[in-house]
Every structure is written in structure tokens, then in C-alpha cells.
Visitor: 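Below you will find the structure I want to go over with you.
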Amino acid sequence: MFDAERLLAFALVTAATSIVPGPSMMFVMGQAIWRGPRSGWTALVGMQIGYIIWWIAAAFGLGTLAKAYPLAFRLLALFGIAYLAWLGVKAIWHSFHADDADNAEPSRKPSSHAFRDGIAVAIGNPKSLVYMVAVIPPFVDPELPVGWQIVTLALIALVLDMIVGSLYIFAGKRLAGAMEKTATRRWIDRAIGCVFILIALAVAVDLYGTEL
């Protein structure tokens, strides 16, 4: 049986981790601004699928795997960094090729790739590995079945992440009203593209200074 205080402490740590703007939540808000709330929600759900993969890995001993195959995890993280950078370049490219005759609605058409992109961002974010290796172990009681504990913690984390993500989507939806003008849309596309690229650079710096 889980200790209630331990669960509460885990929930607080997880909520704080999600609230602090990081690559994943900034990606979700960026999708909501760039493509509308529907794409934001789709990206958020995709991210949870990606996180489930990390949780499954945690259940099978993620820390041991990270130490045994450090190069594989670094390559995975580099993939995530490259993917974020590519999304940023794509947004900037779009801003220079938007038709002045277009109205706001077509330019903010929901992305058919938001779900896939959300999965890729979650899997490729090295902070997910740090979270699993550094944050989860203190909340797992080795005297109890580890599998069920991981499932319980994963459910709490995913629910909290969805709640926090919805706040970021709401913020993105409010900002999206400024995209009614084509010129404004172009500058917002460029800003979002720069944010994605800066996030990729920040993650790369974190990865360089993190020993997996």
C-alpha cells in the first residue's frame, strides 16, 4: 500500500516540474498559438504517449539501461534536439512563404502531425530521462511490488501533466487572437520558430552538461 504522504510529495514535485516552462510545455503552447487549440491538445496527448514509453522503460530499470548504454540515450536525446530545431526552421520558413491574401483561418489549420510531433518531443527530451532516473526512485518502496508503484506514479504524473498542459493551451489560445492579421501572423510564426530553436539549444546545453 502506498504511503499517502509519499504520493502527495510526488504529486507536488511532478506538478512543479510540469509548471516550470520546459521544452515539452513550450512546444504545446507553441502549437496552440501556431495551429490553434486543437493542435495543442493533440500535441499534448501525443506527449503523454511518449511519456508512457519512458514510464515503461522505467519499470524495466531505466537507470540501469542508461548506465549500460549511455551512447544510445545520447543519440535519442540528440534526435529530439534536432527535431525541435527542425520544427523551428519550419515555422520560420512558413512565415516567409505565407500568402498575403490568406485569412487567419487557413494559416491556423490544425496540424495533422501534432500527435506524432508530440510523441517525438516527449521521447527525445533528455529531461524525461533525468526525471525518471533522479526523481522517481525516492518515491518507490523497494519492499513493495515495483511494477504497480510505477503504474500509480505514472497515472498521477500523466493526469497532472494534462492539467498543466491545458493551462498552456489556454494561454496559447488567448495569444492566437493576434493572428487575425497576416503581418502579425508572420511575426508570430517567426517568434515561435525562434523559440523552438532556442529550446533545442537549451536542451543541447543541458545534455552536454549531463552525464547519462
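Nothing here was measured: the structure is a model prediction, and the numbers come from that model. All values below come from the heavy atoms of this structure, side chains included, with hydrogens, waters and symmetry mates left out.
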Visitor: Do I156 and T14 come within less than 4.5 Å of each other through their side chains, counting heavy atoms only?
Guide: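 They are not in contact (no side-chain heavy atoms under 4.5 Å apart), so the answer is no.
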Visitor: Quick one: pull up CD in Q149 and CG in L7 and give me the separation to the nearest 0.5 Å.
Guide: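 If we round to the nearest 0.5 Å, Q149:CD and L7:CG are 9.0 Å apart.
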Visitor: Do you know the tightest heavy-atom contact between S39 and A114?
Guide: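 Answer, listing the atom of S39 first, then A114: O-CB, 3.6 Å.
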Visitor: Closest heavy-atom contact between V45 and M162?
Guide: CG2-CE, 4.3 Å
Visitor: In Å, rounded to the nearest 0.5 Å, how long is the span from CE of M47 to CD1 of I52?
Guide: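 So the gap between those two atoms works out to 12.0 Å.
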Visitor: Any chain of hydrophobic side-chain contacts (each under 4.5 Å) joining L158 to L167?
Guide: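 L158 does not cluster with L167.
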Visitor: Could you see if L201 belongs to whatever hydrophobic cluster contains V89? Use Ile, Leu, Val, Met, Phe, Trp, Tyr and a side-chain cutoff under 4.5 Å.
Guide: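 Looking at the clustering, V89 is in the same group as L201.
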Visitor: With no hydrogens and no angle check, is any side-chain donor or acceptor of W54 less than 3.5 Å from a backbone partner on A122?
Guide: yes
Visitor: As an exercise, state the distance from CG of L155 to CD1 of I150, rounded to the nearest 0.5 Å.
Guide: 11.5 Å
Visitor: From D117 CG over to K90 NZ, what is the distance, rounded to the nearest 0.5 angstrom?
Guide: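 Those atoms lie 6.5 Å apart.
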Visitor: Hey, what do you get for CH2 (W86) to CH2 (W93), rounding to the nearest 0.5 Å?
Guide: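 Those atoms lie 11.0 Å apart.
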Visitor: Do V121 and V28 have side chains that get closer than 4.5 Å, going by heavy atoms?
Guide: no
Visitor: Can V159 be reached from I49 by stepping across I, L, V, M, F, W or Y side chains whose heavy atoms are under 4.5 Å apart?
Guide: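 Cluster IDs for I49 and V159 differ.
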Visitor: Do Y51 and Q48 come within less than 4.5 Å of each other through their side chains, counting heavy atoms only?
Guide: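 Yes, close enough: below the 4.5 Å cut-off.
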Visitor: Can you find a heavy atom in the side chain of F170 that is under 4.5 Å from one in the side chain of P37?
Guide: no
Visitor: Say you draw a straight line from CG of D161 to CG of L44; how long is it, rounded to the nearest 0.5 Å?
Guide: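 Result: 6.5 Å between the selected atoms.
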Visitor: Using only atom types and a distance under 3.5 Å, with no angle test, would you say the side chain of S166 pairs donor to acceptor with the backbone of I163?
Guide: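 Such a contact is found between S166 side chain and I163 backbone.
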Visitor: Looking at every non-hydrogen atom in both residues, tell me the closest pair between Q31 and A43 and how far apart they are.
Guide: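 The answer is CG-CB, 4.1 Å.
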Visitor: Using the rule that Ile, Leu, Val, Met, Phe, Trp and Tyr join whenever any side-chain heavy atoms are under 4.5 Å apart, tell me whether I119 and I56 fall into a single cluster.
Guide: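 In one cluster with I119: I56, yes.
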